[in-house]
Amino acid sequence: MSELKYLKLLSKSFRNIAETSTEIINLEAILNLPKGTEHFLSDIHGEYEAFNHVLRNASGNIREEIEEIFGGTLTESEKKELATLIYYPKSKYNLIEEKYGDIDEWAKKVIFQLIEVCKKLSTKYSRSKVRKTIPKNFEYIIQELLYERKDEENKKDYINAIIDTIISINYAKEFIEAVSILIQRLAVDRLHIVGDIYDRGPAPHLIMDCLLEYHNVDIQWGNHDLLWIGAGMGNEACIANVVRICSRYNNNDILEEAYGINLLPLATFSMKNYGNDECVSFKTNDNSGESLVTQIHKAITIIQFKIEGKCSERNPDFEMKDRELLKMIQYEKGTVIIEGKEYPLNDTNFPTVNPADPFELTEEEREVMKKLKDSFMNSEKLQRHLNFLLNKGSMYLKYNSNLLYHGCIPMDKEGKLTEVKIKGKLYKGKSYLDKIESIIREEFFNKENNQRDKSNRDFIWYLWCNGNSPLFGKDIMKTFERYFIDNKKTHKENKNPYYTFINDEKVCKMILSEFGLDPENSHIINGHVPVKVKEGEVPVKANGKLFMIDGGFSKAYRKTTGIAGYTMIYNSYGIKIISLAPFESKEKAIKEGADILSSTIVFREMKEIIKVKDTDIGYEIQNQISELKKLLIAYRAGIIKQTGE
């Protein structure tokens with residue numbers, strides 16, 4: 001009975017034998033198209049310009065298409081110019097027009113070239129899908145140019161007339177932009193962001209704006225994304241950390257100008273309490289000595305340590321005594337005791353700390369945090385971005401036989417999955433990540449409810465810096481030590497054993513099995529940890545079972561890595577790991593055609609072209625076909641009456 005009800009419901013969309021048959025034929029045909037291209041990026045860290053360029057050039061994929069089509073017919077400079085036009089159509093058009101004046105002949109030539117690139121990329125999709133992707137204002141014209149052959153004698157004049165008219169009515173610029181955007185969309189069927197949109201770089205908000213407009217994207221949360229999610233919930237420990245990191249990288253404009261977070265109360269408090277403090281350890285990461293920024297940096301850091309200390313005290317099951325170091329300071333001696341050893345402090349000015357109750361916020365600090373919390377929770381733009389992170393994001397994703405996650409799957413020193421107790425119940429591996437995700441979602445969408453259990457809200461902070469967090473991936477976070485102790489031995493943070501064991505193919509297969517994937521034919525796509533190429537590290541681990549694709553967008557990592565990181569392309573031919581060189585600037589890209597030089601370092605070619613039927617979407621389509629065939633039988637048997645004939 002339930003199946004008959006479902007088929008009757010389905011019959012409202014496919015009203016008769018003809019409509020049902022047509023849809024079956026259409027879906028069967030789609031199954032035999034080549035698999036769409038997936039593009040994997042990770043660890044963008046607020047570097048909008050580099051991210052935007054990699055998105056536009058599809059990690060060099062568009063340049064490869066140009067080379068394949070025009071390799072022997074265009075010069076290198078012409079191919080470079082065409083690529084730049086596709087990446088930045090409006091700016092490049094304006095530049096050429098300004099330089100040459102009359103560009104009608106150039107416009108006609110490049111329109112034909114753009115259509116050729118578009119034709120090549122559109123062959124992976126059904127006409128219906130391409131049509132839905134075409135900008136509406138140009139839908140008819142682009143379709144005509146895509147599907148009519150200019151080499152056919154009867155159509156040659158027709159096609160030339162279309163293009164000549166576009167140019168004669170001064171519509172070339174808009175048309176070139178529309179086709180270029182279409183090419184960018186067709187070049188990538190799905191974008192995967194494997195964590196860390198936020199932190200370090202100056203423009204995570206612009207990256208989020210870009211992703212909001214992107215045609216098909218998913219996000220696996222990184223530790224810094226989670227920190228901002230926690231801040232948006234009103235978690236004070238997360239708020240303090242976010243403000244501290246923005247101050248450290250001299251990025252307070254993100255807070256004030258992008259998200260409208262009011263820092264004036266914090267600035268006023270900082271000048272009053274730290275105005276005579278040189279704040280030597282709190283100079284920004286670019287070595288800026290601007291006094292107000294360093295004062296804000298120190299003020300919020302001390303507030304953070306107080307809030308974290310309280311959070312640790314009220315959650316002893318977190319086992320985070322390392323966040324309670326304000327209690328371990330010998331204030332008269334200017335030292336701190338860590339793990340039984342006494343270390344001298346490089347800064348002993350703690351004007352707001354009461355040694356008898358070091359975690360207690362002063363009345364002024366409480367007022368500062370109240371205003372910051374209100375700003376974070378009432379920032380319309382921030383909440384819109386964080387809602388998008390929740391709606392498009394997850395702790396992990398299983399997609400087309402790949403397992404995507406940002407950080408790690410916590411393990412012990414024997415290589416076994418770490419068991420973590422949450423409210424009396426043990427979780428590990430997949431069940432642990434599932435539990436984490438359910439807590440994050442529940443807390444975010446109930447953030448206005450102040451009567452809820454605080455331990456869940458505190459757990460968001462736990463995920464930022466606890467040794468068992470799959471997002472953090474280290475045994476301890478040495479924030480206090482890095483600011484206040486010169487002895488670098490105290491700064492050491494050890495990676496989770498996971499990062500050693502992922503070189504073992506058996507361990508990677510165990511993880512894939514844990515998440516319900518075929519260990520023989522699946523892969524892990526991992527971000528979070530920069531690949532130290534200078535030290536001989538490679539992004540491919542465990543005989544090809546795991547790919548480490550930290551994008552290296554953050555400039556802070558380049559001295560360590562020696563490159564600008566990795567991205568990944570997975571298309572119908574196989575998997576490509578791509579090494580990126582540093583991006584210079586958008587201006588240089590437009591004026592000189594400077595691209596992000598990329599090279600394929602790994603290309604795992606499949607024995608046969610991967611088709612849609614071999615993908616997760618193909619599996620869904622096959623299920624749809626199966627249901628439609630049942631509906632067809634019901635129509636022919638007279639069980640369900642046909643309509644709309």
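Since this is a predicted model, take the numbers as computed values, not measurements. In what follows, residues are counted from 1 in the order of the sequence shown.
A donor-acceptor contact closer than 3.5 angstrom is absent between the side chains of Asp43 and His528. Side-chain atoms of Tyr48 and His205 form no donor-acceptor pair, as typed in the model, at a separation below 3.5 Å. A side-chain N or O of Tyr498 and one of Asn526 form a donor-acceptor pair less than 3.5 Å apart. Side-chain atoms of Glu437 and Ser394 include no donor-acceptor pair closer than 3.5 Å. Donor-acceptor pairing under 3.5 Å is recorded for the side chains of Asp434 and Tyr396.
Cys465 is listed as a side-chain neighbour of Met320, based on a closest heavy-atom distance under 4.5 Å. Here the side chains of Asp374 and Asn262 are not in contact, with every heavy-atom distance at 4.5 Å or above. Using a 4.5 Å heavy-atom threshold, the side chains of Ile525 and Ile549 count as touching. Side-chain atoms of Asn496 and Phe472, non-hydrogen and from C-beta on, never get closer than 4.5 Å to each other.
Nearest heavy-atom pair across Lys298 and Asp277 is NZ-OD2, 2.6 Å. The two residues Cys210 and Asn52 have their closest heavy-atom pair at SG-OD1, 4.4 Å. Contact between His406 and Trp221 at its shortest, heavy atoms only, is CB-O, 3.3 Å. Scanning all heavy atoms of the two residues, the minimum distance from Pro358 to Ala356 falls at CD-C, 3.8 Å. Ile590 and Leu95 get closest at one heavy-atom pair: O-CD2, 3.5 Å. Across Ser270 and Ala299, no two heavy atoms sit closer than the pair OG-CB, 3.3 Å.
Separating the OG1 atom in Thr294 from the CG atom in Leu292 is a distance of 7.5 Å, to the nearest 0.5 Å. Between the NZ atom of Lys474 and the OG atom of Ser469 there is a distance of 12.0 Å, given to the nearest 0.5 Å. Interatomic distance, CG of Asp322 versus CD1 of Ile338, reported as 10.0 Å (0.5 Å rounding). Residue Ile436 holds its CD1 atom at 6.0 Å from CD1 of Ile422, rounded to the nearest 0.5 Å. To the nearest 0.5 Å, the span separating CD1 on Ile219 from CE on Met208 amounts to 5.0 Å. Interatomic distance, Ile578 CD1 to Ser59 OG, rounded to the nearest 0.5 Å: 4.5 Å.
Remark: Lys421 pairs with Leu426 by the side chain to side chain contact (heavy atoms under 4.5 Å, CB included) rule, at least two apart or across chains. Ser455 is linked by a side chain to side chain contact (heavy atoms under 4.5 Å, CB included) to Asn315, Lys423, Asp453, counting only residues two or more places apart in sequence or in another chain. Lys92 meets the salt bridge (charged side-chain N to carboxylate O under 4.0 Å, His left out) test with no other residue; sequence neighbours excluded. Among residues two or more places apart in sequence or in another chain, the salt bridge (charged side-chain N to carboxylate O under 4.0 Å, His left out) test is passed with Asp218 by Arg190. Taking Thr490 as the reference, Tyr343, Glu481, Ile485, Asn487 meet the side chain to side chain contact (heavy atoms under 4.5 Å, CB included) condition, with sequence neighbours excluded.
Classification of Lys310 and Glu360 as a salt-bridged pair holds, one side-chain N sitting under 4.0 Å from a carboxylate O. Salt bridge annotation for Lys447-Glu443: absent, with no cationic side-chain nitrogen under 4.0 angstrom from a carboxylate oxygen.
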Take Val280 and Asn346 through the side-chain contact (heavy atoms from CB on, under 4.5 Å) test and state the conclusion after the steps. CA-CA 9 Å; Val280 174; Asn346 58 31; over 6 Å; no
Report the C-alpha distance between Arg323 and Thr479 in whole Å, list the side-chain angles of each, state the deciding distance to 0.1 Å, and finish with yes or no for side-chain contact (heavy atoms from CB on, under 4.5 Å). CA-CA 9 Å; Arg323 313 314 291 173; Thr479 317; 3.3 Å; yes
Working for side chain to side chain donor-acceptor pair (under 3.5 Å), residues His385 and Asp209: CA-CA 8 Å; His385 284 174; Asp209 283 340; 2.8 Å; yes
Given Phe484 and Phe350, is the ring-ring contact (aromatic ring centres under 6.0 Å, His included) satisfied, shown in steps? CA-CA 11 Å; Phe484 287 101; Phe350 299 99; 5.4 Å; yes
Check the pair Glu365 / Lys306 against salt bridge (charged side-chain N to carboxylate O under 4.0 Å, His left out), numbers first and verdict last. CA-CA 10 Å; Glu365 287 172 327; Lys306 288 184 175 187; 2.7 Å; yes
Worked check of salt bridge (charged side-chain N to carboxylate O under 4.0 Å, His left out) between Lys327 and Glu324: CA-CA 6 Å; Lys327 254 191 341 190; Glu324 300 180 24; 3.0 Å; yes
Take His53 and Tyr88 through the side-chain contact (heavy atoms from CB on, under 4.5 Å) test and state the conclusion after the steps. CA-CA 9 Å; His53 190 82; Tyr88 304 102; 2.7 Å; yes
Could you walk me through whether Ile440 and Leu463 pass side-chain contact (heavy atoms from CB on, under 4.5 Å), step by step? CA-CA 10 Å; Ile440 292 169; Leu463 292 169; 4.1 Å; yes
Run the salt bridge (charged side-chain N to carboxylate O under 4.0 Å, His left out) check on Lys333 and Glu342 step by step: do they pass? CA-CA 10 Å; Lys333 293 173 66 177; Glu342 192 168 358; 2.8 Å; yes
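For Glu98, the CD atom is loosely surrounded, since the number of other residues' heavy atoms within 6.0 Å does not exceed 12. Within 6.0 Å of CG in Asn391 there are more than 12 heavy atoms belonging to other residues, nucleotides or ligands. By the neighbour-count criterion of 12 heavy atoms within 6.0 Å, atom NZ of Lys272 is sparsely surrounded, having that number or fewer from other residues, nucleotides or ligands. Around atom CD of Glu319, no more than 12 heavy atoms belonging to other residues, nucleotides or ligands sit under 6.0 Å away. More than 12 heavy atoms of other residues, nucleotides or ligands sit less than 6.0 Å from atom CD of Glu493.
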Would you mind writing out the side-chain donor-acceptor pairs for residues 235-244 within the sub-3.5 Å range, not counting sequence neighbours?
| unit_1 | atom_1 | unit_2 | atom_2 | d |
| --- | --- | --- | --- | --- |
| Asn235 | OD1 | Ala237 | N | 3.0 |
| Asn235 | OD1 | Cys238 | N | 3.0 |
| Asn235 | ND2 | Arg457 | O | 2.7 |
| Asn241 | OD1 | Arg244 | NH2 | 3.2 |
| Asn241 | OD1 | Gln304 | NE2 | 3.1 |
| Asn241 | OD1 | Trp464 | NE1 | 3.2 |
| Asn241 | ND2 | Ala237 | O | 2.9 |
| Asn241 | ND2 | Glu308 | OE2 | 3.1 |
| Arg244 | NE | Gln304 | OE1 | 2.6 |
| Arg244 | NH1 | Tyr483 | OH | 3.2 |

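The aromatic rings of Trp461 and Phe318 are tilted relative to each other, their planes meeting at an angle between 30° and 60°. Tyr198 and Trp228 have parallel rings, their planes meeting at less than 30° on a 0 to 90° scale where 60° marks the start of perpendicular.
Between His192 and His39, a ring centre-to-centre spacing not shorter than 6.0 Å is recorded.
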